[in-house]
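Source: prediction; values computed, not measured. Just so we're on the same page: letters track the sequence lines, and every chain starts at 1.
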Amino acid sequence: RLILATTTSTENSGLLGYLLPVFEERFNVRVDVIAVGTGKALELGKNGDADVLLVHDRKSEDAFVADGFGVNRRDVMYNDYIILGPPSDPAGVGKAKSAVEALTIIAEAKAPFVSRGDDSGTHKKEMSIWKEANIEPEAPWYMAAGQGMGPCINIADEQNGYVLSDRGTYISYKNKTELVIIYEGDEIMFNPYGVIAVNPDLHPHVNYEQAMNFVEFLTSSEGRALIESYKMEGEQLFYLYSN
Amino acid sequence: MEKVLQVENLRKSYNGLTVLDLDSLSIPKGQITVIMGPNGAGKTTLIRILALLEEPDHGTIWLNGQPIPEDENHRLVLRRQMGVIWQRPALFAMSVADNLGLALRLRGWGRKKVRTKVEEYADMFDLGDLLRKWPNELSGGETQKVSVARSLIYEPDIMFIDEPDTYLDLSNRHLVEEMVASQVERRGMTALMVTHSRHQMSRLAANLVILQRGRLRWSGRVDNLETKDWDEELRTFLGLAEPSA
Amino acid sequence: MEKVLQVENLRKSYNGLTVLDLDSLSIPKGQITVIMGPNGAGKTTLIRILALLEEPDHGTIWLNGQPIPEDENHRLVLRRQMGVIWQRPALFAMSVADNLGLALRLRGWGRKKVRTKVEEYADMFDLGDLLRKWPNELSGGETQKVSVARSLIYEPDIMFIDEPDTYLDLSNRHLVEEMVASQVERRGMTALMVTHSRHQMSRLAANLVILQRGRLRWSGRVDNLETKDWDEELRTFLGLAEPSA
Amino acid sequence: MHYLAGALSRAVDLILSLDPAVMEIAGLSIKLAAISTLIAAVIGIPVGFILGTYDFPGRSFLASIVNTLLSLPTVVVGLAIYSFISRRGPLGRFGLLFTPTAIILGQAVLATPIVTALTMNATRSLERDLQMTALSLGASRVQVAYLLLLQARFAVLGALVAAFGRVIAEVGAAMMLGGNIEGYTRTITTAIALETSKGEFAFALSLGIILLLVSFVVNILVHYFQQVKHRGGVYHGESSPSREFA
Amino acid sequence: MHYLAGALSRAVDLILSLDPAVMEIAGLSIKLAAISTLIAAVIGIPVGFILGTYDFPGRSFLASIVNTLLSLPTVVVGLAIYSFISRRGPLGRFGLLFTPTAIILGQAVLATPIVTALTMNATRSLERDLQMTALSLGASRVQVAYLLLLQARFAVLGALVAAFGRVIAEVGAAMMLGGNIEGYTRTITTAIALETSKGEFAFALSLGIILLLVSFVVNILVHYFQQVKHRGGVYHGESSPSREFA
Ligand SMILES: Nc1ncnc2c1ncn2[C@@H]1O[C@H](COP(=O)(O)OP(=O)(O)OP(=O)(O)O)[C@@H](O)[C@H]1O
Ligand SMILES: Nc1ncnc2c1ncn2[C@@H]1O[C@H](COP(=O)(O)OP(=O)(O)OP(=O)(O)O)[C@@H](O)[C@H]1O
Ligand SMILES: [Mg+2]
Ligand SMILES: [Mg+2]
């Protein structure tokens, strides 16, 4: 039994359902997926309650490894963030040249903007862009919802506002929301995923052997091929680093 | 004699067993009528029906010459002219004072008026020391006295009394009898009283009704009962002969 | 005469009011002792204490010469030799048959034995038709009879009976008296009976205890009571003189 | 274990410092739970009383339905109401979604079956004697109900306490319908969910402790209020029961 | 509105097709809720009985504590137990986290205050007469308790139904402690949460409807079982009450 703690967005994207059966067959192990937020996944790792993590927040991942909780962190893949808004794009965000400019336009128009507000990878990304733009977003147009991605998209939809989302969640919500992609493509909005094995020196009980198998599987040519070929609603979701 | 209650063809059964089956019965106004009859004869059932608290299977009831209305509001007005002292006293989980004043409060009386009246009746029934007690702190006889006072306090036109003696010592029996009798005399209240005591019956009753197995066995005025031509069963029942056990 | 129960210096108060205060009292074995006294005299309280169901504030009780043990298991054994017929009958929400058999089941009797015994007692008390009924389907007198039979069925050594007449018609009073008396005669059961009826007292009692305001007013054998030198109060109380209301 | 210790001292800090953010969400939580419980009481007590007191065909079936509704999951209630008040739902034009009103709606739906079921059980255990007595003293139907409920007050008040506890502790409806928006619809439980998802377990636990404290204070106040009410009963002479009727 | 219609037809489909995945999680949900309710009954009924029946110093304070515990949020219970059974917690070496046993632990903690509080209220409303009568018939302390609980059976059974409903509908503890692992610890409610987070609202709702159906069937069975039990009472002649005692 291998306990994999990962983010809800990864689980919801369906990628794991595609990858794991192959892995389980190959290494003759059952993988139990615990889908939670990145922060909580890292906390589970710290306590030794998971064997391996698949998460997306580079900064905390590095801290996690630096503090000795995890070993053998590898980049796995990335997808990207996009800015969603109503099709009419009332604030005119569509003409922005960069992500920073897009958020600046929203702030100046005081257009409704829904923030995850939950310290998730997505939220941290959003905060870093605000910082770049030198803006302190404020209520009431700025709504810190403190919820998962899906609910935030729904709130933005209800409020006719904008929201920063990962592409995977948007694709799965596409036919449930009226929001459309208003801005995409800035490199600052890339969303890298890493895999980390929990440190067996700290937690001798963890299934380190299978954890390493998993790390290697994801970064093997077979794993990479599977990731690249995974499509949701006909669209590729995850991209590989060319290494 | 004016009749306050008349019933005709009254029948009531539970689970298919008939417990009350009266062709015709009438209760004179402003007097005490005593109902006697063995256990299970249907006395309490009759009271529940006459007090409009239970529907008979069929039959007609006239109150002061009028048939009983269907309408609940109208019935409530009639019910408020009646009182029942139940065989098994049931006080509410509130102080004795609150129990005594309850019926008046239900009729919308103000706090102060209720209080004065409660004190008056507490005096009459010698319940002064108990006003602040709760039902679970009373002795059996105290409970019964509160229950009697609680019904007499609102001076109903018709009072049904199911065994007033229950739990009472001799002097309290006497007291309760007097209280009932005085309301009959003073205000012309009608009382329908169940008792198993022939002595109590002859002290109080103007009329007697004898029920047996749900049927009317005898009814009439209470005159020279001792010399009436009773059959053996009734003689025994009335305590005019020793039971042949 | 052997004493089954003896108390000394017994005191009980509620909320600071003393309701029972007995210097010394003893109950002879194998006979009927009647307790009389006005409402609120402390009769029921005395029964609760003697039946080991309530702790007195202080005082000592000897049962068959032994002080009452502290240990709950030991007390249970003693309690199982006693029975109480309460002033206010309380049946459990189960069929009459189940109520009758309850005490036997509590003592671990098997179904079949219980059933035979229940049928025997149902016969004796003329309750055969009621066995399948539930308490809320009984008349007052029926309830009382079930309650009496339910306690006599396990043939306790000491039986406390708080007003056996309650709700009963004359012939059922007679029946209950007989049933109690026969267990006293046949098995040497001790009975402690509260009643307000002097006639019942003189029919049954070997000894009389009179309580008043929690104190022992008189106790002794029941011989020539009529001619005793009572004071006026007791004469009235015993019904030997008319109350001067 | 390690979280609990941290959580406790953090909770104490937050309370002693009267942290304004915490005070605000605690206040909102109490308010919403109290209003929902009130709505549930207005609906559930009469319905429960009728189901407990009257015998009519279909009573038993209705009672089973009420009991079933005790297992309404909060998120299902959230979803169902969501689909009514979302912009595309039939009540969309009122703009209720992501407002405190929406939370109240959801919580009232959760609390009503609780109050109903427990009132039903409480009044069902009452003796018929009391009903007869009340009627014979001249009580109208409504007054009878009042007296019987008074008689069963421990259980009925217990029903309200249980319903209040249920809704102040629930998170699904508050999250889905309120949206956990900071400074507007964030309650203690949605804040706890948020901190948990951040991995801030100790902080989440300390909020949980605050929630329990809040409930404790509310319970004590209710208890106290109940005592005061007793003293002001029907008779106003000096009627003050020395102990509760059991 | 649009979800509800879709959800309903989807639920019907899932049930009619006896979808094995749905059957499995429904079975697990029932099993876990039943075991937790049982544990809660074993603890809560005696404690509630004592709090309801005996008067001792501190009783009122303890009662307030129990009432307060009614507002334990599921995620707080989840977190607290997590901190005990996490690998770093004192019970870490048993490896309980993310197992069905962990869920049972959490749900039992949630259910126990409910059973306790409601049993307390039910027995508190009983007349002392009955206790005296039971004792005088020779009942031991335990037998007295049994008889009084029998007398209050509507309310006590109602307490168990309420507790069962609470835990089968709760998601916080099941999610935190079970981990929503497919085929192992996924219950109806964690599945609902998952589908909701995916935006599959109609499917989530249809699972909610299935949950309610499951509860309904369980309630009907309990009701039926209770009737059968009555028939097999103390006296075995022909004692079968024609109607329930009210
Ligand atoms: N709810 C009920 N269900 C079934 N039978 C009932 C019900 N109520 C009364 N009975 C039966 O009807 C008969 C008459 O009962 P009722 O209470 O009227 O008698 P009663 O004359 O008042 O007797 P008592 O002197 O013992 O009080 C009794 O045999 C009783 O068992
Ligand atoms: N729990 C209690 N709390 C307060 N006072 C009580 C309590 N129980 C009994 N009393 C009081 O104690 C006194 C004696 O009560 P008890 O029931 O022993 O009287 P009794 O002799 O049986 O009277 P009765 O003939 O009316 O049944 C009464 O005045 C009663 O009010
Ligand atoms: Mg009767
Ligand atoms: Mg007494």
Under 4.5 Å to a heavy atom of chain D? For S60(E) that would be side chain
Select, from I168(E), V77(E), T74(E), L118(E), the one with the greatest count of heavy-atom pairs under 4.5 Å involving chain D.
L118(E)
Is it the backbone or the side chain of M120(E) that comes under 4.5 Å from a heavy atom of chain D, or both, or neither?
neither
Please check: side-chain N/O of R186(E) versus main-chain N/O of A191(E), any donor-acceptor pairing under 3.5 Å?
no
Portion of L211(E) that has a non-hydrogen atom of chain D nearer than 4.5 angstrom
side chain
Looking only at L207(D), T123(D), L72(D), I188(D), most heavy-atom pairs under 4.5 Å shared with chain E are made by L72(D)
Can you tell which of L32(E), I25(E), I30(E) makes a side chain to side chain contact (heavy atoms under 4.5 Å, CB included) with T187(E)?
L32(E)
Which atoms of N219(E) come close to chain D, meaning under 4.5 Å heavy atom to heavy atom: side chain ones, backbone ones, both, or neither?
side chain
Test S36(E) against every option in E170(E), R166(E), Q107(E), K31(E) by the side chain to side chain donor-acceptor pair (under 3.5 Å) rule and name the one that passes.
Q107(E)
For a side chain to side chain contact (heavy atoms under 4.5 Å, CB included) with R59(E), tell me which candidate from T53(E), I50(E), L51(E) qualifies.
L51(E)
Would you mind reporting whether V156(E) and I45(E) have side-chain heavy atoms less than 4.5 Å apart?
yes
Side chains of L97(E) and R87(E) in contact at under 4.5 Å (non-hydrogen atoms)
no
Below 4.5 Å from any heavy atom of chain D, which atoms of I65(E) appear? Answer side chain, backbone, both or neither.
both
Between V75(E) and chain D, which part of the residue has a heavy atom less than 4.5 Å away: side chain, backbone, both or neither?
side chain
Picking from V217(E), T196(E), I209(E), which has the most non-hydrogen pairs under 4.5 angstrom with chain D?
T196(E)
Using non-hydrogen atoms and a 4.5 Å limit, figure out which bit of A122(E) sits close to chain D: side chain, backbone, both or neither.
neither
Any chance CZ of F61(E) has more than 12 other-residue heavy atoms, nucleotides or ligands included, within less than 6.0 Å?
no
